[in-house]
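Since the structure comes first, as structure tokens, the remarks are kept for the end.
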Amino acid sequence: MYLNARVSALMSVLVLVLVLVLVLVLVPVLVLVLVLVLVLVLVPVLVSAPVPAPVSVPVSAPSSPLTHRVPPGPPGGTLPPMSTDPLVLALDAGSQSVRALLFDPRGKVAALGRAGVPPPLPPAAPGAVEFAPEDHFRALIAATRACMDAAGPGARERIVAAGLTTQRRCFVAADAEGRPIRPAIHWLDRRRAKPDVPWGAARAVLRLLGDESLVPTLLGISQGNLLRECDRPSWEEARWMLTLSGWLTMRLTGEVADAAGSIAGVWPFDAKTGKWMGASWLAELLGCPLDRLPALREAGRELGRIRADVAAEMGLPAGLPLYAVGGDKQAELLGSGATPDAPGVAAVSLGTGSSLLVPSERPRASLRFKWLTNPAAQPGVWALEYMVFRGFWTVSWFLKELGAAERAEAEREGITPEEALGRAWEGLPPGAHGLLALPRWAPAPEHLEERGAFLGFTEDHGRAHMARAVVEGIAFDLYRGAGILRGATGTPIRELRATGGGSRSGEVVRILADLFDAPVALPDQPEISARGAAVVAAVAAGIHPDPGAAAKAMCAPARTVEPDRGRGERYREIYEGAWLPALRALRPASKGIGEVFAER
């Protein structure tokens with residue numbers, strides 16, 4: 001008995017020691033393992049996930065920025081293609097308008113139709129930006145009908161294929177027939193949900209990581225999670241959870257399908273494979289159950305055939321095949337002629353969100369989100385994208401908040417406010433007499449703490465200096481991206497293909513050419529994402545043998561701006577000696593601002 005009691009006591013002590021070892025050693029190890037599993041599983045899902053701004057800024061869609069100096073090319077109407085040429089239809093649904101264009105095999109625009117879409121709906125909650133998806137479908141019908149009217153007799157019979165590209169990161173919840181059950185969530189939406197995590201251990205891990213760390217942030221901006229939190233009845237009712245591209249495809253063809261390259265944001269999607277991830281628990285964690293998601297198609301694959309009733313309304317032949325393209329930025333990459341067949345050629349998109357994109361035949365992903373990785377608009381290729389999330393939007397913001405004089409001048413003289421502002425800032429020297437702008441009105445995913453700033457003010461600076469500093473800041477940021485993408489691919493950028501509203505400014509284009517020390521090629525017309533969709537459709541229809549050949553035939557630039565070496569050296573001196581150090585120094589201050597104002 002005594003011996004058994006001693007043994008029993010000893011065993012109790014040993015058990016207690018083992019429990020303490022488990023608590024003190026194994027539990028932290030298990031937590032670390034859970035953290036690693038969360039990160040490693042979520043990274044393939046999130047490599048293409050733009051992060052919206054966590055700061056209070058205007059959310060209305062701006063007008064097209066800097067529309068001056070460089071003539072924009074043919075505004076629409078008809079160009080006389082050969083009467084026997086086949087035609088392809090490109091459909092491009094943007095945030096402010098929908099365009100429909102007919103292209104011939106040489107990339108000439110045979111006809112163009114455009115229809116505007118209403119602005120986003122009044123915000124239902126702070127940070128909310130939503131829109132009526134039916135407005136986009138009606139605009140698509142109207143734009144296509146206008147395009148067909150402009151094309152004239154005989155064009156309808158020559159159309160052999162259509163391609164669809166849209167703005168990215170829009171979320172449509174629909175019923176079984178494709179009817180939207182509520183307004184769609186816009187890509188500008190800045191709300192953030194609290195992750196609905198059903199497992200205690202995972203909740204503990206997220207608490208350990210902190211609300212502002214990357215994984216909780218990305219779970220919070222999943223639009224499935226956002227819908228589940230802000231409108232639980234609609235989330236439960238939704239039969240389909242779709243992008244704008246997927247929803248328009250369903251309305252046009254009746255098929256529940258989407259282009260893999262349209263899945264941008266936080267979905268249970270692996271950008272490397274272009275497929276949904278099969279883990280149902282992960283889909284549930286993101287608020288996007290797998291049985292509510294569309295079938296995915298690689299670029300160039302058929303999404304479906306346009307229904308007879310819709311085709312009649314649009315003026316198209318019934319049963320016209322509609323092909324998968326992807327998001328508007330990937331379409332711009334292809335439409336600019338930047339393909340793996342042209343190494344060193346990059347696309348720079350100078351729009352609302354400004355991007356530098358390069359094609360890659362490998363799905364190179366950044367674990368630190370220095371760049372985004374998406375399936376490109378051609379099979380077996382990925383688009384690596386460095387993004388300034390509030391690019392030339394910042395110019396429109398500047399004019400809205402600080403440009404009353406320029407707006408008045410524009411109204412008096414019948415010009416755009418951007419042109420009025422440009423008259424002043426274009427005459428200033430590189431560096432705006434020492435004023436720098438750090439265009440982080442929305443942060444980069446790599447550094448979520450970042451905020452925007454002007455640095456270097458003196459009493460000599462005015463609005464014109466600020467405007468030039470903003471434009472140069474966007475250029476410096478894109479130049480930073482060029483270095484990052486060169487490190488990822490090993491290929492230096494030897495030529496830029498510029499698109500977007502900012503590319504219509506001769507001075508903006510010169511700044512880029514000088515800073516990058518590379519020629520900047522400009523297209524013959526501004527609808528480059530539509531041109532990319534046309535290239536996809538032309539290859540799918542057999543007009544061209546492959547995307548590289550189609551891009552060479554259909555995407556030749558109209559003119560090129562060469563760099564000025566002297567100005568370029570000055571710009572790179574400013575970048576290396578002032579702008580980049582300022583960006584790095586800003587981060588600790590931004591973090592402090594975020595912490596102080598986090599609860600206000």
Side-chain angles (χ1 to χ4, degrees), residues 50-53 55 57 62 65-66 329 332 346-358 366 368-372 383-398 425 430-432 435-456 465-488 493 496-503 505 507-518 520 568 570-587 589-590:
V51 180
V55 295
V57 292
L66 294 174
K329 296 298 185 186
E332 283 188 25
V348 57
S349 176
L350 305 176
T352 303
S354 297
S355 298
L356 184 72
L357 300 103
V358 297
S366 171
R368 293 179 58 195
F369 292 89
K370 291 185 176 183
W371 67 85
L372 307 177
L384 308 187
E385 179 179 4
Y386 180 88
M387 190 165 191
V388 183
F389 288 92
R390 293 292 187 269
F392 276 79
W393 175 95
T394 316
V395 177
S396 296
W397 166 86
F398 181 88
W425 73 260
L435 185 63
L436 303 176
L438 305 171
R440 288 298 194 270
W441 273 242
E446 181 188 3
H447 293 284
L448 293 173
E449 75 278 11
E450 288 180 331
R451 292 186 177 226
F454 287 97
L455 186 65
H465 296 87
M466 294 174 69
R468 185 173 186 103
V470 165
V471 171
E472 289 179 338
I474 297 166
F476 286 140
D477 210 345
L478 293 169
Y479 184 70
R480 175 179 182 265
I484 289 172
L485 294 178
R486 177 177 180 173
I493 293 174
L496 293 174
R497 303 283 178 91
T499 66
S503 67
S505 165
E507 184 65 11
V508 169
V509 173
R510 282 191 290 273
I511 290 171
L512 287 172
D514 296 342
L515 175 60
F516 280 74
D517 193 25
V520 179
R570 178 57 177 158
Y571 272 123
R572 290 186 289 278
E573 179 185 13
I574 296 169
Y575 172 81
E576 294 288 349
W579 190 89
L580 189 57
L583 179 67
R584 291 167 176 164
L586 175 72
R587 290 169 188 152
S590 293

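All values below come from the heavy atoms of this structure, side chains included, with hydrogens, waters and symmetry mates left out.
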Given side chain to side chain contact (heavy atoms under 4.5 Å, CB included), test E507 with V471 step by step and report yes or no.
CA-CA 10 Å; E507 184 65 11; V471 171; over 6 Å; no
Which residue, L485, L372, I484, forms the side-chain contact (heavy atoms from CB on, under 4.5 Å) with L384?
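For L384, the side-chain contact (heavy atoms from CB on, under 4.5 Å) check succeeds only for L485.
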Looking only at non-hydrogen atoms, find the nearest pair between [X] and [Y] and report the distance.
| X | Y | value |
| --- | --- | --- |
| P439 | D477 | CG-OD2, 3.8 Å |
| S354 | G391 | OG-CA, 3.4 Å |
| S355 | M387 | OG-CG, 3.6 Å |
| L356 | A346 | CD1-CB, 4.3 Å |
| A475 | L512 | CB-CD2, 4.0 Å |
| W579 | A437 | NE1-O, 2.9 Å |

Sidechain-backbone polar pair: [X] side chain, [Y] backbone, donor-acceptor under 3.5 Å:
| X | Y | value |
| --- | --- | --- |
| K370 | G481 | no |
| R468 | W425 | yes |
| E450 | P443 | no |
| S349 | G500 | no |

Go through F454 and M466 one step at a time and tell me if the side chain to side chain contact (heavy atoms under 4.5 Å, CB included) criterion holds.
CA-CA 8 Å; F454 287 97; M466 294 174 69; 3.8 Å; yes
Are the side chains of [X] and [Y] in touch, meaning some heavy atoms are under 4.5 Å apart?
| X | Y | answer |
| --- | --- | --- |
| V348 | R497 | no |
| W393 | W441 | yes |
| Y479 | R572 | yes |
| R486 | V358 | no |
| I574 | L436 | yes |

Are S590 and E449 close enough that a side-chain donor and a side-chain acceptor fall under 3.5 Å?
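Judged by distance alone, the side chains do not pair up.
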Pair Y386, R480: side-chain N/O donor-acceptor within cut-off below 3.5 Å
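Yes, because at least one side-chain N or O of Y386 sits under 3.5 Å from a partner of the opposite role on R480.
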Quick one: pull up [atom1] in [X] and [atom2] in [Y] and give me the separation to the nearest 0.5 Å.
| X | Y | atom1 | atom2 | value |
| --- | --- | --- | --- | --- |
| I474 | I511 | CD1 | CD1 | 10.0 Å |
| R440 | L583 | CZ | CG | 5.0 Å |
| R584 | L438 | CZ | CG | 12.5 Å |
| L515 | Y575 | CG | OH | 8.5 Å |

Please verify the inter-ring angle class for F476 with Y571; under 30° counts as parallel, over 60° as perpendicular, anything in between as tilted.
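Perpendicular: the ring planes of F476 and Y571 meet at over 60°.
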For R587, I'd like to know if atom CZ has over 12 heavy atoms of other residues, nucleotides or ligands within 6.0 Å.
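Counting neighbours around CZ of R587, more than 12 heavy atoms of other residues, nucleotides or ligands fall under 6.0 Å, so yes.
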Apply side chain to side chain contact (heavy atoms under 4.5 Å, CB included) to residues L478 and V388 and explain how you reach the verdict.
CA-CA 7 Å; L478 293 169; V388 183; 4.0 Å; yes
Could you go step by step and tell me if K329 and L357 meet the side chain to side chain contact (heavy atoms under 4.5 Å, CB included) rule?
CA-CA 8 Å; K329 296 298 185 186; L357 300 103; 4.1 Å; yes
